[in-house]
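What follows is a short report on a single structure.
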Amino acid sequence: MKTTNLLLGTLREAPADAEVISHQYMLRAGMVRQLARGIYTWLPLGLRVLRKVENIVREEMDRAGAQEMFMPAVIPAELWQETGRWDKYGPDLLRLTDRHDREFCFGPTHEEVITDLVRREIKSYKQLPCNFYQIQTKFRDEIRPRFGIMRGREFLMKDAYSFHLTGDSLQETYELMFQTYSSIFTRLGLYFRAVMADSGNIGGNSSHEFHVLAESGEDCIVFSENGSYAANLERAETMPCTESRPIATQTIDTVDTQNQHSISDVSQFLNIAESQCVKTLIVKGEESLVAMVLRGDHELNHIKAEKLEGVLSPLTFAEEDEIKDSIGCKIGAIGPVGLNIPVYIDHAAGQLADFVCGANKDDKHLIGVNWERDCPLSTTVDIRNVVEGEIAADRSGKLKFARGIEVGHIFQLGDKYSASMKATCLDEQGKSIKLTMGCYGIGVSRIVAAAIEQNHDDKGIIWPATIAPFEVALVPINMHKSQRLRDEVLKLYNELQTAGIDVLLDDRKERPGVMFADMELIGIPYRIVFSEKGLDTGKLEFKARTDSDNSEIELGSVVSFLKKKLENVR
RNA sequence: CGGGGUGUAGCUCAGCCUGGUAGAGCACCACGUUCGGGACGUGGGGGUCGUAGGUUCAAAUCCUGUCACCCCGACCA
């Protein structure tokens, strides 16, 4: 490709509304342009990267024996009604009506469509296990799309669905997909981690996420020192305390705490550590309000909380006046003592003795409170986020935190969809068996953004060679002035193309500085500079995007040199 | 949806407070000089100031509605 034949829409300044680096650079490099909120056009340069990512994903999926297909983006409502997700999925589902007033949605995920297909096509255990995938545009009407391509409403996703007769077979494919995902992200040149995850509203049991580590990541991932434990913060378990609770030394007393509402207010006011206070959060339950009791310095884990019996899902905090009606005080003064609603107590809170809590009377707190003596202690539960430094649930060491961008997610769905959609097939005995399912997603377009978040400097993008839009940039200096230079550059350009190398020749009539800056901004991994001076000596300048200085290379050896550099890309 | 903010040329922004001829830099076009790290000069094209209404002799500017976009909280690849 020559730059004069490429829509090279590089910008010197990033649009003001681009917040994260990947969004800024994708706009500045001319990879994408926004059409509407969370909806983008991929320009030729960006599309080249997207396609390379897509191809790596495709190759590895094929290698793992998955079969590619292509499902419709627009899905009839009936299928979604069959699984109940038409009502459950909520406003993220973009709903459409056709000219006959028939309802459809733009598919945000395709469990229903594939299950419908499989229940029609798969009749015998001999056809199992099977794994189908597609690479397709999805639409999720997210509440808040942000960070450009990273969280768009329309995005490109690889989604795969496997079907099995037994759980063991599912487990086998699940593990194969785990390996496949690891190969994919390795080939993409990304620094990533697989972590245990919550399965969210896709449903199912076992689930892992693949995260690209980057400061701007929206997720917090948690891992132990030796790495054997790794989980999303949403999912990371805390351990029940094994030591026995300290014995009570204080007597319970009521203190005046006027205008002290938050845990930090109260702990400062009473000069007591936050960890010696107890906070009581009130959420909506199925029948009444429900209390969540945590140590003052801990945070409630919403995912864990909404899975508890009697708690409304999605987790919703009680309104101020509901609390007033039910408990009789304001939010800043609630405590577990004498509460007349169901109470869930976190493991760590259950370990406290002589603690401080709200008195369920405005402007009053209790001090010297002890479980059992002053307040019944039910079985404690895990309802908080783990904190950095505590011991991992598998006892493999202290936990560390990192930020991650979720680029892949694999689930064992079990029979969630096959049951409601009656997807069965016959086993060896001719008996009808309900199918067991797995599903495996990769955010293809998100990977492009994640790769930039992880690989950039102040000059622009630094693409891993496997997904760079071009592998080599040829930058001739003053080509328009020298026929000899032009001939030599074109000769090499053709040779590189013949050798199957993705080469971009900057044939614009620009000053060198402009060309250098653009090639660096768009992140081409290797650059070769042509000049009259170089031709005289038979040597060209070579610089990798990551090099700080130029090196020399013989004109005649460029092709073999680059081929060697790019060896492991292919 | 709640809270905050912004809409003026393709991009970055000034002008608005205090109403009176719509601006700058970059980008774009032409010519010339430059030419190994985002050059310079001269000339040029491009904006119903998001949109609708109101106040006024007069609105980018003041008022009201509305829409879009961005940021902060609950969703997810």
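Hydrogens, waters and symmetry mates play no part in the numbers below; they use all other heavy atoms, side chains included. Throughout, a chain's letter reflects where its sequence line sits, starting with A, and its residues are numbered from 1. A quick note: this is a predicted structure, and the numbers were derived from the prediction, not measured.
Among the heavy atoms of the strands lying under 4.0 Å from A:Lys481 is at least one base atom, whether or not backbone atoms are also near. Residue-level contact check: A:Glu541 touches the bases, meaning some heavy atom is under 4.0 Å from a base atom.
By the 6.0 Å and 45° rule, A:Arg33 does not stack over the aromatic ring of A:Tyr40. Taking the ring centre of A:Phe223 as origin, the terminal cationic atom of A:Arg193 falls inside the region bounded by 6.0 Å and 45° from the ring axis.
The CE atom of A:Met479 sits 16 Å away from the C1' atom of B:G36 (whole-angstrom rounding). One interatomic measurement links the two molecules: CZ of A:Arg153 to P of B:C75, which rounds to 19 Å at whole-angstrom precision. A:Met519 places its CE atom 18 Å from the P atom of B:G36, with the value rounded to the nearest Å. Whole-Å rounding puts the A:Glu218 CD to B:A74 C1' distance at 13 Å.
Ion pair A:Glu19/A:Arg146 not flagged as a salt bridge, since none of the NZ, NE, NH1 or NH2 atoms sits closer than 4.0 Å to an Asp/Glu carboxylate oxygen. For A:Arg403 and A:Glu218, the salt-bridge test fails: no basic side-chain N is under 4.0 Å from an acidic carboxylate O.
Taking for each of A:Pro145 and A:Gly152 the nucleotide of RNA chain B with the nearest heavy atom, the 5'-most of the two is the partner of A:Pro145. If you find the closest nucleotide of RNA chain B to A:Ile303 and to A:Gly38, the one lying nearer the 5' end belongs to A:Gly38.
Looking at A:Lys509, its side chain never comes within 3.5 Å of a backbone N or O of A:His480 through a donor-acceptor pair.
For B:U34, its base sits under 3.5 Å from the side chain of A:Arg511 at one donor and acceptor pair at least. Residue A:Asn478 places no side-chain atom within donor-acceptor reach of the base of B:G36, judged by atom type and a 3.5 Å distance cut-off alone. Between the side chain of A:Glu520 and the base of B:G38, no donor-acceptor pair under 3.5 Å is found. With hydrogens and angles left out, the side chain of A:Arg140 and the base of B:C75 share no donor-acceptor pair within 3.5 Å.
Straight-line distance between the C1' atoms of B:U8 and B:A14: roughly 10 Å, to the nearest whole Å.
Under 4.0 angstrom from either OP1 or OP2 of B:C70 there lies at least one side-chain N or O belonging to A:Gln34. One finds no side-chain N or O of A:Arg146 lying less than 4.0 angstrom from the OP1 or OP2 phosphate oxygen of B:C71.
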Could you please spell out the steps behind the ring pair (Phe, Tyr, Trp, His ring centres under 6.0 Å) verdict for A:His409 and A:Phe411? CA-CA 7 Å; A:His409 200 159; A:Phe411 304 79; 4.0 Å; yes
Between A:Tyr161 and A:Phe132, does a ring pair (Phe, Tyr, Trp, His ring centres under 6.0 Å) hold up when you go through it step by step? CA-CA 5 Å; A:Tyr161 307 90; A:Phe132 301 109; 9.3 Å; no
Polar atom pairs between nucleotides 2-11 of chain B and protein, under 3.5 Å, N or O only, would you list them?
residue: B:C11; atom: O2'; partner: A:Glu13; partner atom: O; Å: 3.4

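Stacking of the aromatic ring of A:Phe155 onto the base of B:A77 is found: the ring centres lie under 5.5 Å apart and the planes are inclined by under 30°.
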